[in-house]
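Note: hydrogens, waters and symmetry copies are ignored here, and every other heavy atom, side chains too, is used.
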Amino acid sequence: MSTAPAGHIELERTVESITVGHRHRRDLGDLTALVESIRRGGLLQPITITLDGHLICGARRLAAIKELGWKTVNVWVRSGVSDRLGQLLAEQDDNLLHKPLTQLEAAALYRELKVLLAEDAARRQEATRFHAGADAEDDGAANLAAPWDTTPGEARAQAARMVTGRASYTTLERIGRLEDLAADESRPESVRQQAAVEVERIKAGGKVYPSHLRVNAELSLAELDQLAGDPTQPDELREQARAEAAAVRSAEREAKTVEMEALAHAALARVKAAKAAGRKPQRRTLPPVEPDEPVPYPLTVFLNTWDDLTGWWLHYDPEVVGPALSTEQWGRFEQTLAGTLAFADAARTARASRAEHTA
């Protein structure tokens, strides 16, 4: 037995005695290179386990040494990681350093971390409130190398930072919402089916934001259908709901994803406004969407778009992207960049002008 990093003890253990249990990573990827590396140079970084032999870090390394037929392996035993939260914190650290999680795996890990961090923060607040001195310290941060300053309200950002390296949790929340909608039997069947389709799209590598918008559109349409079929509503309101839903669906073939969400949201808002006013609604038919005519988007779409793009340049290598794009693709990129800079200049001017008038 030898010393290892703080909180660890290094010793030899039989491979078969290490248990993996539930982990969010389902795909270990191609182990060929890792197996060959371990065959040539041995295991450079020991696997980390709990006192009872539960794997914390090193699922791919464990699978590789099993392929090599090892009977025993040097491991780090970490005494302070025995509860579910501790295992998740160590697992996310291992994931950041090695093969990335898929979007669905990351969302599942984020969701569990978020709940446990919030519960732990609430528990620690109670301990601090009702216990003094040594009692509170016994429940402190010494056992785990983790940021225990988390408050219940910060759990989402804390969990997102652990899983992705960024505090932005919007995309992870959207994935979780889609999975919830797909499984929620209280939702209309059309919504559940659309959400299930979008989850499969994301699983296949699709982008989350368009899936989020398509399900939002389906939710609005489902609510319009519900109002149209509600016998307790006035006939005029039911007719307007039917007309609005039909107009949105007629535009579906030509409208873009963002436009569909905006059209469906606006249609539902008009019917709800008429219902709240208690007046005879006016039947409206949405004009057809002209492909070359830009459709104004609400501010929320702008905010969501830029939230998704936060730090995007950190995830790509310009030395790879530059030569890889075709002339057409590079042209679109340059056009988008030029338009973005021009928009930023105009928005900055408008912002400064407003600041001067309100000063």
Worksheet item: Honestly curious: do Leu55 and Leu43 fall in one hydrophobic cluster under the side-chain, below-4.5 Å linking rule?
Response: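 Yes.
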
Discussion item. According to a hydrophobic-cluster definition based on side-chain heavy atoms being under 4.5 Å apart (Ile, Leu, Val, Met, Phe, Trp, Tyr only), do Val191 and Leu178 belong together?
Written reply: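 Yes; Leu178 is reachable from Val191 via cluster members.
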
Sequence-distant partners of [X], side-chain contact (heavy atoms from CB on, under 4.5 Å), two or more places apart:
| X | answer |
| --- | --- |
| Ala245 | Leu221, Leu224, Asp225, Arg249 |
| Ala195 | Leu181, Ala182, Val215 |
| Glu179 | Leu104, Arg111, Ile175, Val199 |
| Ala347 | Phe343 |

Fill in: Ser250 (side chain) donor-acceptor with Ala247 (main chain) under 3.5 angstrom
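Yes: the side chain of Ser250 pairs with the backbone of Ala247.
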
Worksheet item: Donor-acceptor pair, Thr340 side chain versus Thr336 backbone, under 3.5 Å?
Response: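 Side chain of Thr340 to backbone of Thr336, a donor-acceptor pair under 3.5 Å: yes, one is there.
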
[atom1]-[atom2] distance between [X] and [Y], expressed to the nearest 0.5 angstrom:
| X | Y | atom1 | atom2 | answer |
| --- | --- | --- | --- | --- |
| Arg351 | Thr349 | CZ | OG1 | 12.0 Å |
| Leu337 | Leu341 | CG | CG | 4.5 Å |
| Leu62 | Thr48 | CG | OG1 | 11.5 Å |
| Ile47 | Arg13 | CD1 | CZ | 11.5 Å |
| Arg61 | Ile38 | CZ | CD1 | 8.0 Å |

Worksheet item: How about Gln335: does its CD atom have over 12 heavy atoms from other parts shown lying under 6.0 Å from it?
Response: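 Counting neighbours around CD of Gln335, 12 or fewer heavy atoms of other residues, nucleotides or ligands fall under 6.0 Å, so no.
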
Can you list the residues that meet the salt bridge (Lys or Arg N to Asp or Glu O under 4.0 Å) rule with [X], with sequence neighbours excluded?
| X | answer |
| --- | --- |
| Lys207 | none |
| Glu67 | none |
| Asp230 | none |
| Lys66 | none |

Discussion item. Regarding Arg177 and Asp180, does a basic nitrogen lie under 4.0 Å from an acidic carboxylate oxygen?
Written reply: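 Result for this pair is no, no salt bridge flagged.
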
Worksheet item: Salt-bridged, Arg332 to Glu328, with N to O below 4.0 Å?
Response: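 Answer for the salt bridge query: yes.
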
Discussion item. Applying side-chain contact (heavy atoms from CB on, under 4.5 Å) to His265 and Asn216, what does each step give before you reach the verdict?
Written reply: CA-CA 8 Å; His265 178 77; Asn216 279 354; over 6 Å; no

Search all heavy atoms of [X] against all heavy atoms of [Y] and return the closest pair with its distance.
| X | Y | result |
| --- | --- | --- |
| Pro323 | Val320 | CD-O, 3.5 Å |
| Val15 | Trp70 | CG2-O, 3.5 Å |
| Ala264 | Ala217 | CB-O, 3.8 Å |
| Ile202 | Ser211 | CG1-OG, 4.0 Å |
| Tyr110 | Ala160 | CD1-N, 3.6 Å |

The criterion is side-chain hydrogen bond (donor to acceptor under 3.5 Å, both in side chains); which residues satisfy it with [X], sequence neighbours excluded?
| X | result |
| --- | --- |
| Arg192 | none |
| Glu319 | none |
| Glu189 | Gln193 |
| Ser326 | Gln329 |

Fill in: Flag for Gln194-Glu198: side-chain donor and acceptor within less than 3.5 Å
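Judged by distance alone, the side chains do pair up.
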
Practice prompt. Check whether any side-chain heavy atom of Leu31 lies under 4.5 Å from a side-chain heavy atom of Arg60, and answer yes or no.
Written response: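 With C-beta onward as the side chain, the pair touches.
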
Practice prompt. May I ask you to test the Thr32-Glu36 pair for a side-chain heavy-atom distance under 4.5 Å?
Written response: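 Side-chain contact under 4.5 Å: no.
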
Fill in: Steps toward side-chain contact (heavy atoms from CB on, under 4.5 Å) verdict (Thr171, His212)
CA-CA 9 Å; Thr171 296; His212 161 76; over 6 Å; no

Worksheet item: In terms of ring plane angle, is the pair Phe333 and Trp312 parallel, tilted or perpendicular, where the classes change at 30° and 60°?
Response: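 Because their plane-to-plane angle is over 60°, the rings of Phe333 and Trp312 count as perpendicular.
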
Practice prompt. Quickly, which of Arg242, Glu244, Arg238 forms a side chain to side chain contact (heavy atoms under 4.5 Å, CB included) with Gln240? Name it, please.
Written response: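 Among the candidates, only Glu244 passes.
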
Worksheet entry | Intermediate values then yes/no, side-chain contact (heavy atoms from CB on, under 4.5 Å), Leu219 and Glu223 | CA-CA 6 Å; Leu219 281 165; Glu223 194 166 349; over 6 Å; no

